[in-house]
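Okay, so here's the structure we're looking at.
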Amino acid sequence: MIEFLPMNALGRITAMPTLPEPLRGLRELAYNLWWTWNPEAQHLFEQIDPVQWKRFRKNPVRTLLDADPERLASLAENPAYVGAVQATVSSFHQYLKARPKRPPRVAYFSMEYGFHESLPLYSGGLGVLAGDHIKAASDMGLDLTGVGMFYHEGYFRQELTPEGQQREVYEELRAEELPLSPVLKDGRPIRVGVEFPGRTVYITAYRLEVGTVPVYLMSTNLPENQPEDRALTARLYAPGQEIRIEQEMILGIGGVRLLRALGLEPEVWHMNEGHAAFLGLERVREKVAAGYSFAEALEIAAAGALFTTHTPVPAGHDSFPFELVERYLEGWWDRLGISKERFLALGHEEKSYGPVFSMSNLALRTSRAAGGVSALHGQVSRAMFQHLWKGLEAEEVPISHITNGVHTFSFLHPEMHALYARRFPKAWATELHNPAHWTVERLEEDELWRVRNRLRARLVEEVRERLVEQRRRNGEPPARLRAAEKVLDPSALTIGFARRFATYKRAILMFADPERLLAILNGPLPVQFIFAGKAHPKDEPGKEFLKRLAEKIRALDLEDKVILLENYDLGLARALVQGVDVWLNTPRRPMEASGTSGMKAALNGALNFSVLDGWWAEAFNTTNGWAIGDERTYATEEAQDHADAQSFYDTLQYEIIPLFYARGAVGTPSGWLAMVRDSIRTCGPTYSAQRMVGEYHQKFYAPLARRAARLLEQEGAVLKEVAAWKTLVQKHWDGVRLWAEVLSSAEPPLRVRAFVQAYGIPTETLRVELVVRRHSGDLETLPLKPSGQEREALVFTGTYQPTRPGSYTYGVRVVAVHPELSNPREVAFVKWAQPGVEELVQT
Ligand SMILES: *Cc1c(COP(=O)(O)O)cnc(C)c1O
């Protein structure tokens with residue numbers, strides 16, 4: 001049963017206790033998430049009441065609300081504390097002042113955001129990435145605005161029974177206890193509406209400050225909405241297709257309307273995952289309402305839009321039955337001035353069971369830039385969406401990639417931070433993406449090892465505390481509670497594995513051969529593991545994995561050295577990545593689009609031990625960590641699991657354990673620390689969110705804004721030309737005919753003549769190409785030369801001389817390309833000569 005609190009928009013201000021004058025700055029710090037990556041600010045709040053601080057999951061607003069006035073009064077008289085408040089507030093002000101906004105104006109839409117564990121508006125990697133993107137955009141002074149949702153029950157807190165059974169607990173989040181400010185318009189909480197079947201649902205919003213970047217979080221929990229509608233934004237990823245489409249309409253359509261109500265005019269619109277794709281419809285609708293044709297409106301809207309896709313797992317791409325879309329978006333085709341069929345075609349995807357409306361397809365069709373989140377994922381995505389660009393080869397599909405990164409100071413332990421600050425140049429702290437600043441050779445072996453040992457010991461303490469709490473809550477007997485206080489060894493090699501328990505991540509891979517595992521774990525050199533992770537509430541196989549893991553740990557009597565902790569969130573993630581020696585990841589390649597937890601671990605001096613998937617396929621260099629398996633694709637999942645498990649045992653037993661325990665004269669593991677330094681040097685700068693956001697700015701934001709502006713120059717001359725050209729080509733393309741004559745075959749050089757009939761299409765926008773694929777996989781495209789006209793057809797000719805021996809496949813195609821397109825492959829007007837494929841062998 002969900003209980004609704006009356007909206008009390010202004011109550012927050014009166015609820016906050018009056019802080020003594022010298023402590024006024026605390027309030028300002030509490031209301032900007034800058035504190036989440038500034039330990040000195042966190043320390044100020046912690047000192048008010050360390051117990052409450054921990055209990056409130058390090059929520060400063062809550063800590064201030066509940067602070068004992070006497071305690072505050074005494075802190076106000078403590079010169080050291082007051083001095084620290086002033087110094088911290090002053091560095092916060094400096095941070096804000098040093099960042100004038102850099103164009104273009106970008107709106108970033110995401111269904112989830114992971115900023116901190118006290119704000120549980122995220123489920124996993126996607127949200128944490130969005131949070132890191134916002135934080136880095138602030139650090140870099142980008143003119144970015146975030147749009148998302150305020151879920152008043154957030155995402156669940158996970159409890160695990162001793163059997164590993166997951167329980168999902170939802171807690172009511174109160175906006176006034178969080179760093180959220182109601183967004184006001186004319187003195188009242190702002191309202192925008194979105195039409196749902198038979199009603200309008202109203203949306204209000206809260207503003208969250210993340211450094212210099214505002215994030216607007218929307219909520220439908222308003223008295224004027226019906227009770228079911230008030231609950232729409234209660235939970236992240238509430239199950240059911242109906243609530244899913246409703247949430248996505250609120251995010252996409254409501255989000256655009258909210259920004260308009262605030263008077264904002266973003267130049268670039270970034271869809272973080274397909275959830276936000278309805279924003280494209282609303283932006284097209286705005287332009288149609290302003291008098292543009294649908295074709296023109298689509299061109300303008302798409303010109304400034306960018307789509308980041310985050311997973312190769314098909315279930316991760318939302319799609320809705322046509323029936324649902326027709327019901328929820330009824331009337332939209334009229335508003336856009338198109339037929340219902342044309343409207344549905346915007347998201348059309350043909351599944352084995354029939355057509356569906358795919359949010360990813362909609363996002364791709366309403367944007368002019370798209371990318372995956374690692375090089376390998378870019379490649380997988382091009383293959384996955386190749387069918388939307390019929391006639392293009394997979395590598396020509398205009399989906400590129402920007403590899404993810406993590407927000408350095410949100411995950412770097414303060415002691416490591418201090419060490420780096422001592423050993424790296426001053427510029428390091430502001431130019432984190434620059435490899436030259438990561439002067440790891442200056443990290444002394446003994447100081448590095450000392451810090452690593454302290455961080456591991458701190459993690460062991462944290463694990464014990466959490467485990468005692470977990471067992472106490474489960475009502476376990478006193479002997480088990482005492483046992484929990486002694487698990488793990490603070491000086492033993494510690495391996496962490498924490499992530500969502502989706503089955504493709506194969507959390508139980510290391511149990512594939514229990515005898516082998518026991519031989520390693522009960523060997524002379526101690527090794528210990530810490531596991532954590534949530535399964536999605538509807539993911540039964542994922543939950544089954546949790547249970548099997550718990551069962552195996554118990555059955556093999558490993559409970560003091562293989563620990564399964566509940567409630568993996570940002571707080572636990574930080575503790576783990578900061579304290580472990582090795583970070584383990586075992587996804588089934590290529591299902592892990594990027595992965596980011598390993599980047600956080602590397603930053604803190606842990607070594608990655610991982611399948612060569614996602615980011616690790618790029619980062620691994622043989623001396624900065626270890627690979628599990630190789631870059632092969634296996635015939636069956638069983639074969640892959642078996643091969644990867646063997647690889648896991650071998651590397652752990654013969655490389656990782658011996659290296660960790662190979663201590664030099666002064667007791668430091670030199671070989672190990674050499675790898676640690678290499679890992680920090682190669683991963684720290686490249687996998688920082690600063691590098692990532694810098695790439696987004698340069699590769700996508702700036703060019704999209706430029707082109708969007710160009711389309712509208714001279715009263716939209718370019719826009720009209722492009723839209724008219726596309727309409728024209730579309731109309732005549734079916735009638736285009738192409739045939740090719742191969743003048744020499746089998747023996748190089750290859751000489752071809754092609755004939756094209758393309759009535760109604762401007763000749764200068766036609767290109768005829770000879771496409772050659774070497775059997776190694778490389779693709780070459782050669783334009784054929786226009787060579788006059790013969791019997792009603794345009795003639796094109798060309799010669800191809802292979803430069804290397806080998807066998808080649810080739811074909812001839814005609815494409816239509818306008819010079820003002822965002823890129824030559826923007827639209828797939830492609831027709832191949834038939835029969836298209838003959839073999840050419842160069843000896
Ligand atoms: C970093 C992070 C993730 C993402 O990690 P993966 O490597 O993608 O598994 C998920 N959850 C939390 C809490 C994180 O901090």
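For ligands, and for the atoms within them, numbers begin at 1 and follow the listed sequence.
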>> Quick test: of every protein heavy atom, which one is nearest to atom 6 (P) of ligand 1, and how far off is it to 0.1 Å?
In response: S597 OG, 3.5 Å
> atom 8 (O) of ligand 1: which of S410, A601, G614, G595 has the nearest heavy atom?
Replying inline: G595
> If you measure from the Lys or Arg side-chain nitrogens to the Asp or Glu carboxylate oxygens, is any gap between E462 and R466 under 4.0 Å?
Replying inline: yes
> Atoms of ligand 1 less than 4.0 Å from G124 heavy atoms?
Replying inline: 10 (C), 11 (N)
> Between L572 and ligand 1, which part of the residue brings a heavy atom under 4.0 Å of the ligand: side chain, backbone, both or neither?
Replying inline: neither
> What protein heavy atom sits nearest atom 10 (C) of ligand 1, and how far off is it?
Replying inline: G125 N, 3.5 Å
> Which protein heavy atom lies closest to atom 11 (N) of ligand 1, and at what distance to 0.1 Å?
Replying inline: Y568 CE2, 3.5 Å
>> So that I can tick it off, tell me whether D644 and R506 are bridged by a salt bridge, with the cut-off set at under 4.0 angstrom between side-chain N and carboxylate O.
In response: yes
>> Within ligand 1, which atoms have a heavy atom of L570 less than 4.0 Å away?
In response: 13 (C), 15 (O)
> Would you call R464-E461 a salt bridge at under 4.0 Å N-O?
Replying inline: no
> Which atoms of ligand 1 have any heavy atom of R499 under 4.0 Å away?
Replying inline: 7 (O), 9 (O)
>> Check this for me - ligand 1, T596, N or O atoms closer than 3.5 angstrom, yes or no?
In response: yes
> What is the closest protein heavy atom to atom 2 (C) of ligand 1, and at what distance does it sit?
Replying inline: K600 NZ, 2.4 Å
> In terms of side-chain geometry, is the basic nitrogen of R57 or E171 positioned less than 4.0 Å from the acidic oxygen of its partner?
Replying inline: yes
> Is it true that K505 lies under 4.0 Å from ligand 1, counting heavy atoms only?
Replying inline: yes
> Would one find more than 12 heavy atoms of other residues, nucleotides or ligands at under 6.0 Å from atom CZ of R473?
Replying inline: yes
> Would you call E544 and R548 a salt bridge, using N to O less than 4.0 angstrom?
Replying inline: no
> Out of V406, I134, N404, which residue meets the side chain to side chain contact (heavy atoms under 4.5 Å, CB included) rule with L129?
Replying inline: N404
>> Any carboxylate oxygen within less than 4.0 angstrom of a Lys/Arg side-chain nitrogen, looking at K505 and E592?
In response: yes
